[in-house]
Amino acid sequence: MQYEKLRYQPNKLSQLLTVLGMAFMTFALFKVINVYRYVSTTTSGIINPSMSIGFEILIAVGIMLISFLASEKFKSYDYKWGFVGIGLTAYPIVKIFIFPLSLNKTMIQLKEAGQVLKVNPTTWLWTVIISLIISAVFYGLATTIAIIRNNQLRQYYKELNSSDAN
């Protein structure tokens with residue numbers, strides 16, 4: 001009877017966890033693109049435009065679109081989107097080792113150049129890293145729950161000899 005309910009109830013937990021993962025990833029993105037706001041000599045509200053920041057924003061918009069689509073597909077028990085969820089889980093983890101560490105070096109260089117920073121670079125770095133880890137955990141939980149429930153539903157369809165089992 002438990003698996004019969006899966007046929008009619010959407011997988012809202014996976015959808016919610018995916019959206020939460022996207023929210024934490026977006027928070028980390030804003031911390032990254034606003035890195036120059038933490039220098040007291042810059043004008044408040046200025047984002048230093050660069051090719052890397054533009055590229056990061058472009059990728060983040062694409063990842064947010066994929067996250068939203070994955071959340072909808074998780075809700076409707078689409079089995080193939082589990083692989084996309086695995087990629088979404090890996091993305092924030094990869095970002096930890098690429099972007100924030102290089103920007104932390106930039107903040108340290110600004111501090112060594114005599115700029116007065118409004119925030120400690122280590123605090124900033126750990127805020128970004130923790131946000132990305134939380135994002136990866138939410139994406140991972142959403143994907144795991146979606147895959148488990150998809151497998152349960154497919155097994156139930158096989159027991160019924162239904163054509164929906166594929």
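Just so it is clear, the values below take in all heavy atoms, side chains as well, and ignore hydrogens, waters and symmetry mates.
- There is no path of hydrophobic side-chain contacts, each under 4.5 Å, that joins Ile96 to Ile86.
- Transitive grouping of hydrophobic side chains (ILVMFWY, heavy atoms separated by less than 4.5 Å) brings Phe24 and Ile145 into a common cluster.
- Ser131 is linked by a side chain to side chain donor-acceptor pair (under 3.5 Å) to nothing, counting only residues two or more places apart in sequence or in another chain.
- In this structure, Ala136 and Ile93 approach most closely via the heavy-atom pair CB-CG1, 3.7 Å.
- A salt bridge (charged side-chain N to carboxylate O under 4.0 Å, His left out) check over residues 122-141, counting only residues at least two apart or in different chains, returns nothing.
- Residues Leu88 and Ala70 come closest through the heavy atom pair CD1-CB, 3.8 Å.
- One finds the CD1 atom of Ile147 at 11.0 Å from the CZ atom of Arg154 (value rounded to the nearest 0.5 Å).
- For residues 78-94, the salt bridge (charged side-chain N to carboxylate O under 4.0 Å, His left out) pairs, not counting sequence neighbours, are Lys73-Asp78.
- Minimum interatomic distance between Thr123 and Thr127 (heavy atoms only, all atoms of both residues): O-OG1, 2.8 Å.
- Applying the side chain to side chain donor-acceptor pair (under 3.5 Å) criterion to Ser67, with sequence neighbours excluded, gives Tyr139.
- In this structure, Tyr91 has no ring-ring contact (aromatic ring centres under 6.0 Å, His included) partners at least two apart in sequence or on a different chain.
- The two residues Met64 and Met22 make their nearest non-hydrogen contact at O-SD, 3.4 Å.
- Applying the side chain to side chain donor-acceptor pair (under 3.5 Å) definition to pairs two or more places apart or across chains, those involving residues 11-25 are Asn11-Ser14, Asn11-Arg149, Gln15-Glu72.
- Note: the hydrophobic cluster containing Val128 also contains Phe55 (ILVMFWY, side chain heavy atoms under 4.5 Å, direct or indirect links).
- Contact record, Leu132 with Pro92: O-CB, 3.4 Å, taken as the closest heavy-atom pair.
- Partners of Thr144 according to the side chain to side chain contact (heavy atoms under 4.5 Å, CB included) rule, which considers only residues two or more places apart in sequence or in another chain, are Ile148.
- Checked against side chain to side chain contact (heavy atoms under 4.5 Å, CB included), Leu141 has the following partners two or more places apart in sequence or in another chain: Leu17, Val137.
- For the pair Val32 and Trp124, the tightest heavy-atom approach, listed with the atom from each and the gap, is CA-CZ2, 3.9 Å.
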